[in-house]
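Heads up, the thing below is written out as structure tokens.
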Amino acid sequence: MSSASPNLVAPARSTTLKWGAVMLVVAACVGYLIYSASGGSSEYYLTVSELQAHPTYDQDVRVAGVVQNDVVYTPLGPRVQFTEKDSTASMLVVYQGLLPDIFQPGITVVAEGRLGADGVFHARDVLAKCPSRFSTTPYTQ
């Protein structure tokens, strides 16, 4: 009886180890996919103050702020420059492209792009937060 037991246990251990290794590889792959997919969106956006406190010149970021009254449109295609401000800091944003319909001074926007070494934010996209979704008073133009 004792000689038959080791032979029966060995194949069961081998099968368990194989399935364990397969499950470990699958779990590692799923973990990597989740990690790589969430890498760019772990922080949705920064404020102007946060970006100025920790400037990043080598990667794209999203920066939220309120459009100030100095919006300047240039005749070189749909190009615009404006100041984006939060409660304590402001920065110049330059953008070339189509703007959201509700873009105007006083609207909160999220600019996506890179901060230049000169302190100017070069946006590749501008998203406007709809004030009617974030306010208890109705939006009027």
Side-chain angles (χ1 to χ4, degrees), residues 2-141:
S2 63
S3 65
S5 294
N7 291 338
L8 292 176
V9 174
R13 269 191 203 154
S14 176
T15 302
T16 302
L17 286 174
K18 286 179 186 176
W19 278 108
V22 168
M23 295 304 282
L24 183 63
V25 168
V26 168
C29 290
V30 169
Y32 173 76
L33 290 174
I34 291 171
Y35 172 77
S36 64
S38 67
S41 62
S42 60
E43 187 171 316
Y44 184 68
Y45 61 80
L46 302 170
T47 63
V48 176
S49 301
E50 290 171 337
L51 181 61
Q52 288 181 348
H54 305 287
T56 53
Y57 303 108
D58 60 343
Q59 64 183 6
D60 286 351
V61 294
R62 296 179 181 117
V63 183
V66 177
V67 177
Q68 300 304 293
N69 290 324
D70 64 346
V71 178
V72 176
Y73 297 93
T74 61
L76 302 172
R79 183 182 161 111
V80 65
Q81 76 177 34
F82 59 93
T83 300
E84 187 175 7
K85 186 176 190 293
D86 64 10
S87 60
T88 61
S90 63
M91 72 176 178
L92 183 63
V93 177
V94 176
Y95 172 67
Q96 186 162 347
L98 297 175
L99 290 166
D101 290 340
I102 63 170
F103 181 87
Q104 64 182 352
I107 295 293
T108 300
V109 296
V110 176
E112 298 180 42
R114 288 188 181 205
L115 180 64
D118 57 357
V120 176
F121 191 82
H122 300 274
R124 61 177 167 73
D125 198 10
V126 173
L127 309 168
K129 287 188 170 185
C130 183
S132 63
R133 293 186 182 177
F134 302 101
S135 174
T136 56
T137 58
Y139 176 69
T140 58
Q141 276 188 316

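We use all heavy atoms of the structure for the numbers below, so side chains are in, but hydrogens, waters and symmetry mates are not. When a residue number appears, it is its place in the shown sequence, counting from 1.
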Return the set of residues passing salt bridge (charged side-chain N to carboxylate O under 4.0 Å, His left out) with Asp70 (not counting sequence neighbours), or none when no residue passes.
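By the salt bridge (charged side-chain N to carboxylate O under 4.0 Å, His left out) rule, Asp70 matches no residue at all.
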
Would you name the heavy atoms of [X] and [Y] that are closest together and state the gap between them?
X      : Y      : result
Val63  : Tyr45  : N-CB, 4.4 Å
Ser90  : Gln52  : O-NE2, 2.8 Å
Ile107 : Ala128 : CG2-CB, 4.1 Å
Leu51  : Leu46  : CD1-CD1, 4.1 Å
Glu84  : Ala111 : OE1-CB, 3.8 Å
Asp118 : His122 : OD1-NE2, 4.2 Å

Is the number of heavy atoms from other residues, nucleotides or ligands under 6.0 Å of Tyr32 OH greater than 12?
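No, not enclosed.
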
Measuring from atom [atom1] of [X] to atom [atom2] of [Y], what distance do you get when rounded to the nearest 0.5 angstrom?
X      : Y      : atom1 : atom2 : result
Glu112 : Arg62  : CD    : CZ    : 4.5 Å
Leu99  : Leu127 : CG    : CG    : 11.0 Å
Gln104 : Asn69  : CD    : CG    : 10.0 Å

Step by step, work out the side chain to side chain contact (heavy atoms under 4.5 Å, CB included) result for Phe121 and Leu92.
CA-CA 6 Å; Phe121 191 82; Leu92 183 63; over 6 Å; no

Qualifying residues under side-chain hydrogen bond (donor to acceptor under 3.5 Å, both in side chains), relative to Arg114, sequence neighbours excluded
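If we apply the side-chain hydrogen bond (donor to acceptor under 3.5 Å, both in side chains) test to Arg114, skipping adjacent residues, the hits are Asp60.
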
Thr88: side-chain hydrogen bond (donor to acceptor under 3.5 Å, both in side chains) partners, not counting sequence neighbours
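So Thr88 forms a side-chain hydrogen bond (donor to acceptor under 3.5 Å, both in side chains) with Ser49.
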
Is there a side-chain contact between Val93 and Thr83 (heavy atoms, below 4.5 Å)?
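No, too far: nothing below the 4.5 Å cut-off.
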
Is there side-chain contact between Val71 and Tyr73, with at least one heavy-atom pair below 4.5 Å?
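They are in contact (side-chain heavy atoms under 4.5 Å apart), so the answer is yes.
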
Could you walk me through whether Phe82 and Tyr95 pass the ring-ring contact (aromatic ring centres under 6.0 Å, His included) check?
CA-CA 9 Å; Phe82 59 93; Tyr95 172 67; 8.0 Å; no

Hey, mind stepping through Arg79 and Val94 against side chain to side chain contact (heavy atoms under 4.5 Å, CB included) and telling me if it holds?
CA-CA 8 Å; Arg79 183 182 161 111; Val94 176; 3.3 Å; yes

Side chain of Asp86, backbone of Gly65: donor and acceptor closer than 3.5 Å?
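A pair under 3.5 Å: no.
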
